[in-house]
Engineer: 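What follows is a single structure, and I will ask about it in a moment.
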Amino acid sequence: MSTTRHFIYEEIAADLAAGRYRAVVTRFPPEPNGYLHIGHAKAICLDFGMAAAFGGRCHLRMDDTNPAKESMEYVEAIQRDIRWLGFDWGEHFYYAADYFERMYECAVHLIRTGRAYVCQVPQEEWKHYRGVPTEPGRESPYRNRPIEESLDLFARMRAGEFPDGSMCLRAKIDMASPNLHLRDPVLYRILRVPHYRTGNRWVIYPTYDFAHPLEDAFEGVTHSLCTLEFEVHRPLYDWVIQSCGFQPPPRQIEFARLNLTYTVMSKRRLGELVREGHVRGWDDPRLPTLCGMRRRGYPPEAIRKFCDEIGVTKYDSLTEYALLEHYVREVLNLRAPRRMAVLDPLKVVIKNFDDSVVREVEVPNNPENPAEGTRRIPFGRELWIERDDYRDDPPPDFYRLAPGRAVRLRGAGFFTCRNVVRDSSGRPIEIHGDWAPASARLKVRSTLHWVSVAHAVPIEVRLYDHLFTIPDVSAIPDDDDYRRYLNPRSLVEVRGWGEPALAATPPGQTVQFERLGYFCADSEDFRPDRYVFNRTVTLKDSPLATAGRG
RNA sequence: UGCCGGAUGGUGUAAUGGUAGCACCGCAGACUCUGGAUCUGCUUGUCCAGGUUCGAAUCCUGGUCCGGCAACCA
């Protein structure tokens, strides 16, 4: 839980100190029309975090006032992702749709008190009435129609007597306001679209600006935290609350949404990437969706720490993806069991072993946590090592294998390269040399991971990299196509060899392939006869970070 | 050129009139059976111009730049 004292924390504390509210009630109000992403995680951590920090509660509410794009599939996915992130809304799960009747009553109240009217200006034409930011608008010719008439029309709108778009309910506020949202905004529209929750019961639906403040008020929300783009809506939010007479009024406070380098967060673009097949679904590990990150192997704790660290401000920032990766590594370093796997194999033959020599070596499961014990790994005459760990002509800063040079084999003594077998093009295919036990205490500068050829299990590995080639995707102008900047190598699939224990990795479990990075047994495709791993993140600054990429 | 909001190292974020700090990134070193981890050190910052004050990132005035707002979306 966050203990950070950002400006919203201070505002809430001040409200409490001033006695404006007795307890803190927040809410996370997603519209069930898409999957949650890391940007939502920031809001979730904030909403649940502030409630927890002040001993209050946080509601989960589906903001489902537009039936055209909402569905139960998303409702379930949203709940799953929030639980996975580590938050619990208890009994406080709500649907805005369940408030439709009460919202309708509030609308009637506004009409009765002269604060709303039924307007018949066609949508297209309304543009001319609304005006532009620099000039005041004009009043609707229906603005001053008798209250009884609006009441009658509104009831008949509900009864389905009028076609979609033929009329709407408007708040009567101020057509000259410099804030466009106050120029008689629409409160209800006619929409003959079945709702996933209320079916065909309604043909009129409240708009966000009308529904949201009411939802908050109905639930006794005290602090309604939302992103910056709603700042200009706040006067309207307050207007609805006040006009309907709710006390104490919930307070809307806005903060900057999260932007991350090398990725996109907009529902529209995420949806396009999925629909157009640039990725393999909403849970593609390259996507910043929570289900994608789960499948990628990101621990929820890392995401929470990240959200804590980035803070809460009103500054429109662009956070480096590296910071998220930092927390992923930090958490995984302590938790992920170590394993050995080779992604770009090169054969090593130990000449002073005969074919019958098969031994086992014992290595720690996690040097960061000795309590996790050790495991035994078969070791033999033929080993796979990483092709990149050998150079014919090593540069000065290359400490690994080269002609005549010795290295340590992880947990298995030393190996000295004596000669190299090549194919017709001169490419090394086997490195021959001698083995020496750990007691030989050879002076070497590096340790290599390896897998016994005779015991290796075949693994399929999906190497993931940034989805985009440029850090600031939002900087791409509208007349350019952001798809041009998709990273063609955001997914590279390779086949390698792993130590036997890898075959028993539970799907969803993340392990560290020593010297390479963290890899997660794929929750969909890993099976008893097919070992599929997703690279969660490379080890920091590892020279093998790009191993297997050809 | 209307309204709302914002501006502190490469990035993110503290400092609420009193030594500009932390984290990430990067670089260097120590240590290490992972070129990982760990430890140590280092580089780089208050948008600009005035003003108030003993003292300004902070307060005032004027600018500059950036973001948002003209769906019957949320």
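Chain naming here is simple, since letters A, B, ... match the order of the sequence lines and numbering starts at 1 in each. Any value given below was found using the heavy atoms of this structure, including those in side chains, with hydrogens, waters and symmetry copies removed.
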Engineer: Going by atom types alone, do A:R27 and A:H212 pair a side-chain donor with an acceptor below 3.5 Å?
Structural biologist: yes
Engineer: Within 45 degrees of the ring normal and closer than 6.0 Å to the centroid, is that where the cationic atom of A:R138 sits relative to A:Y129?
Structural biologist: yes
Engineer: Check every strand shown and say whether A:N66 touches a base, only sugar-phosphate, or nothing at a heavy-atom separation below 4.0 Å.
Structural biologist: sugar-phosphate
Engineer: How is A:H181 classified with respect to the nucleic acid when contacts are heavy atoms under 4.0 Å: base, sugar-phosphate, or nothing?
Structural biologist: sugar-phosphate
Engineer: Atom CG of A:L332 and atom P of B:U34: how far apart are they, to the nearest Å?
Structural biologist: 19 Å
Engineer: Would you indicate which nucleotide in B:A23, B:U34, B:C72 comes nearest to any side-chain atom of A:P367?
Structural biologist: B:U34
Engineer: Scan A:R338 against the nucleic acid and name what it touches under 4.0 Å (heavy atoms): base, sugar-phosphate only, or nothing.
Structural biologist: base
Engineer: Output the rounded distance in Å from CZ (A:R257) to P (B:C69).
Structural biologist: 10 Å
Engineer: Looking at every strand, decide which applies to A:F230 at a 4.0 Å heavy-atom threshold: base, sugar-phosphate, or nothing.
Structural biologist: base
Engineer: Using a cut-off of 4.0 Å on non-hydrogen atoms, how would the nucleic acid contact of A:V361 be classed: base, sugar-phosphate, or nothing?
Structural biologist: nothing
Engineer: Between the base of B:G67 and the side chain of A:E229, is there a donor and acceptor pair under 3.5 angstrom?
Structural biologist: no
Engineer: Let me know the distance between CG of A:L236 and P of B:A71, rounded to the nearest Å.
Structural biologist: 15 Å
Engineer: Which nucleotide in the list B:A70, B:G5, B:G12 gets nearest to the side chain of A:R130?
Structural biologist: B:A70
Engineer: Measuring from the side chain of A:R408 (C-beta onward, heavy atoms only), which nucleotide among B:C25, B:G2, B:C33 has the closest atom?
Structural biologist: B:C33
Engineer: Quiz question: going by heavy-atom distance under 3.5 Å, is there a donor-acceptor pair between the base of B:G36 and the side chain of A:R329?
Structural biologist: no
Engineer: Got a donor-acceptor pair under 3.5 Å from the side chain of A:H6 to the base of B:A14?
Structural biologist: no
Engineer: Which listed nucleotide (B:A70, B:G36, B:C25) is nearest to the side chain of A:P133?
Structural biologist: B:A70
Engineer: With the threshold set at under 4.0 Å for non-hydrogen atoms, list the residues of residues 28-36 of chain A touching RNA chain B in residue-number order.
Structural biologist: A:E31
Engineer: Using distance alone, with no hydrogens and no angle criterion, decide if A:Y208 and A:E215 have a side-chain donor and acceptor under 3.5 Å apart.
Structural biologist: no
Engineer: For the side chain of A:Q512 and the base of B:U34, is some donor closer than 3.5 Å to an acceptor across the two?
Structural biologist: yes
Engineer: Just call it for A:R410: base, sugar-phosphate, or nothing, with non-hydrogen atoms closer than 4.0 Å on any strand.
Structural biologist: base
Engineer: By the 4.0 Å heavy-atom rule, please label A:Y315 as base, sugar-phosphate, or nothing.
Structural biologist: sugar-phosphate
Engineer: If you look at every strand shown and take non-hydrogen atoms under 4.0 Å, does A:L318 touch a base, only sugar-phosphate, or nothing?
Structural biologist: sugar-phosphate
Engineer: Identify whether any heavy atom of A:T65 sits under 4.0 Å from a base atom; if not, whether one sits that close to sugar-phosphate; answer base, sugar-phosphate or nothing.
Structural biologist: sugar-phosphate
Engineer: Which part of the nucleic acid, if any, lies within contact of A:F255, taking any heavy atom under 4.0 Å across all strands shown: a base, the sugar-phosphate backbone alone, or nothing?
Structural biologist: nothing
Engineer: Determine the contact category for A:T261: base if any of its heavy atoms lies under 4.0 Å from a base atom, sugar-phosphate if only primed atoms, P, OP1 or OP2 are that close, otherwise nothing.
Structural biologist: nothing
Engineer: So which nucleotide from B:G67, B:C24, B:G36 ends up closest to the side chain of A:D316?
Structural biologist: B:G67
Engineer: Within the structure shown, what part of the strands sits under 4.0 Å from A:E368 by heavy-atom distance: base, sugar-phosphate, or nothing?
Structural biologist: base
